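What follows is a single structure, written as structure tokens, with notes after it.
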Amino acid sequence: MKSDDVGIIGYGSSAYEKNGSQPTFAYLADAAAACLASAGIAKSEIDGIALSSFHAPPDNAATLGEYLGLELNWAHFFSAASAGPVISVMEAVRAVESGVANCVLCLGGDSRTMDDFRHLISRFNQAVANYAAPLNFGGMNGFFSMIQRRHMHEFGTKREQLGRIAVAQRYNALRNPQSLFRKELTLDDYLNARMIADPLRLYDCPMPASGADAILVAPLDRARPGKGVRILSGFQKHNHLPGEITPLSGGWAAFRERLFSEAGVSHDELDLVQLYDDYPIMVSIQMEDLGFCGKGEVGAFLDRHTLTFDGSFPLNTGGGQLSCAATAGGGGLIGVLETVCQLCGEAGERQVEDARTGLVSGFGMVSYGHGLSASALILQKAGK
Amino acid sequence: MEFPKPTEDAVNREMLQAWHAHGELLLQHCTQCAAVTYYPRRICPSCWSSRMENRPSAGEGTVISFSVVHRGVDEAFRQLGTTVTLASVRTDDGPQLITLIVGDDRDQVAIGGRVRLARDADRERYPLPVYSLAPSGKDAS
């Protein structure tokens with residue numbers, strides 16, 4: 001998908017918190033209001049809502065519309081998994097292009113505590129609840145630690161290399177006023193942290209948080225001068241490699257070529273990259289699947305690059321989920337927000353110089369052994 | 001405190017009961033396309049035929065990967081305060097599954113190592129099929 005006329009014209013978020021101090025809809029409302037303020041668009045113009053959330057049910061996009069006092073022509077609740085929010089932006093563009101809606105708010109967010117999180121992951125879906133949780137599977141940490149071990153075994157990937165992702169993201173997060181994590185992280189801290197699921201230790205794992213993010217999709221001629229963002233291409237893929245339980249590749253590999261060819265952009269032309277960071281090993285697998293390096297070669301790629309916002313491969317420049325906030329439903333939108341913020345030149349202390357083009361990925365729907373769903377967008381600053 | 005248990009239904013009942021009663025792992029064999037499936041489904045995920053037969057696994061398999069899980073999710077498991085050896089196993093019959101490696105020598109598990117169904121495991125404690133190291137699998141790498 002590609003659109004010359006419709007794109008992103010606003011972004012905003014609620015405050016992020018470790019434990020939810022207000023209900024999910026309240027965070028979503030804060031994000032929605034911040035988003036409209038950034039775009040300079042009146043509430044009366046919003047006629048579409050895309051919602052991504054784990055904890056919103058039994059609520060949905062229509063009941064959120066009622067809560068926000070909106071009359072809607074388009075209301076969709078996206079797959080709760082964290083590939084969904086990125087997909088919701090693609091679908092919102094299609095809805096506006098087709099004329100079904102005029103201005104669509106894409107919202108992602110959740111309010112939760114650690115107990116809510118545990119309850120969610122052991123009953124994430126029927127396959128997990130019936131065939132994994134009764135084994136004391138350790139949640140996503142258990143599944144992704146098996147994937148990491150296999151990657152280390154097969155390709156010689158080292159924890160010292162994966163740790164550079166976590167350390168760089170913390171460096172970025174310290175320059176993002178919204179980050180929940182405010183203390184510097186060293187490679188030694190990462191390597192020697194408490195064991196969670198061998199070989200995963202504490203700083204490999206995202207800390208569940210509460211909060212919400214919002215993106216406004218509308219005709220680009222409604223954007224404030226210099227603040228519009230175009231979507232050059234976007235794809236999704238689900239259940240790539242059926243039957244595999246701990247695969248070393250995901251759906252990004254299946255659409256990588258079309259993602260770049262449709263966008264008309266090469267890897268070298270990307271100024272910043274936001275990869276879905278539930279774990280450094282999954283960021284690494286995306287680097288391979290999206291073609292930044294060959295399969296199995298990410299260790300050397302990580303050695304070769306500096307990954308901070310001011311480095312040779314600016315990655316998750318706002319700190320990402322690992323160091324800014326992992327807000328579940330919003331977690332999948334945080335990369336879109338950060339990209340838009342950077343392309344608008346509004347990232348302050350962590351601004352990537354001359355940022356014009358960025359890639360964002362999504363990943364989610366952890367089922368029997370691994371994540372089923374992959375998505376990605378290439379975004380570019382509209383106009384000159 | 002209750003450990004999480006699988007929920008029996010019309011599709012998985014025979015598999016769950018065969019493990020619980022006899023220490024057998026039943027796999028679904030499609031009589032149309034010969035695909036072998038775990039976990040149980042209503043139709044074959046390869047060809048969508050509903051003609052699938054449950055047949056016992058021969059019981060042997062190879063470790064694709066494993067993890068030593070220190071932090072469980074459910075409170076009941078957390079209170080046990082023990083680690084478990086979680087594994088993904090490719091059964092010789094075909095399908096892959098998530099399982100645990102049990103037995104005193106489980107710390108010798110290795111990727112590529114051979115495992116076999118632990119038919120004598122405490123099946124009250126383990127409501128799903130679990131494996132132990134096969135004698136030939138020890139110290140494999």
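Sequence lines set the chain letters: A, B, ... in the order given, protein chains first and strands last, and positions in each chain run from 1. Just so it is clear, the model here is predicted, and its values are computed rather than measured.
Surrounding CZ of B:Arg125 are at most 12 heavy atoms belonging to other residues, nucleotides or ligands under 6.0 Å away. The number of heavy-atom neighbours closer than 6.0 Å to CD of B:Gln79, taken from other residues, nucleotides and ligands shown, is above 12. Heavy-atom contacts from other residues, nucleotides or ligands closer than 6.0 Å to CG of B:Asp122 number more than 12. Heavy-atom neighbours of A:Glu244 CD from other residues, nucleotides or ligands within 6.0 Å: above the threshold of 12. The number of heavy atoms from other shown groups lying within 6.0 Å of NE2 (A:His119) does not exceed 12.
With a 4.5 Å cut-off on non-hydrogen atoms, B:Phe66 touches chain A through its backbone and its side chain both. Interface remark: B:Val68 contributes backbone and side-chain atoms alike to the contact with chain A (heavy atom separation under 4.5 Å). With a 4.5 Å cut-off on non-hydrogen atoms, B:Pro127 touches chain A through its side chain but not through its backbone. Contact annotation for B:Leu80: neither backbone nor side-chain heavy atoms come within less than 4.5 Å of a heavy atom of chain A. Residue contact with chain B, scored on non-hydrogen atoms closer than 4.5 Å, is absent for A:Gln148.
Listed here is the closest heavy atom pair of A:Gly138 and B:Val69: CA-CG1, 3.6 Å. Annotation for A:Ser122 and B:Val73: closest pair CB-CG1, 4.1 Å, computed over non-hydrogen atoms. Residues B:Leu86 and A:Phe137 come closest through the heavy atom pair CD2-O, 3.3 Å. Looking at every heavy atom in both residues, B:Thr7 comes nearest to A:Asn130 through N-OD1, 2.7 Å.
Top candidate by heavy-atom pairs under 4.5 Å with chain A, chosen from B:Leu100, B:Asp9, B:Thr83, is B:Leu100. Comparing B:Pro95, B:Ala87, B:Ala76 by how many heavy-atom pairs each has under 4.5 Å with chain A, the most go to B:Ala87.
Going from atom OG1 of A:Thr246 over to atom CD of B:Gln96 covers 6.5 Å, rounded to the nearest 0.5 Å. The distance from the OG1 atom of B:Thr99 to the OH atom of A:Tyr131 is 14.5 Å, given to the nearest 0.5 Å. Between the CE atom in A:Met146 and the CD1 atom in B:Ile98 there is a gap of 3.5 Å [rounded to 0.5 Å]. Distance CZ/A:Phe143 to OG/B:Ser67: 11.0 Å, rounded to 0.5 Å. In this structure, CG in A:Asp115 is found 7.5 Å from CD in B:Glu75, a value given to the nearest 0.5 Å.
In this structure, A:Arg149 and B:Ile111 have side chains that are in contact, with non-hydrogen atoms separated by less than 4.5 Å. A heavy-atom distance below 4.5 Å is not found between the side chains of B:Asp74 and A:Asn136. A 4.5 Å side-chain heavy-atom check between A:Pro134 and B:Pro6 finds at least one atom pair inside the cut-off. Side-chain contact between B:Val130 and A:Leu135: present, with at least one pair of heavy atoms (C-beta onward) separated by less than 4.5 Å.
Along residues 29-50 of chain B, the residues that come nearer than 4.5 angstrom to chain A, judged on non-hydrogen atoms, are B:Tyr38, B:Tyr39, B:Pro40 in order of number. Along residues 194-202 of chain A, the residues that come nearer than 4.5 angstrom to chain B, judged on non-hydrogen atoms, are A:Arg194, A:Met195, A:Ile196, A:Ala197, A:Asp198 in order of number.
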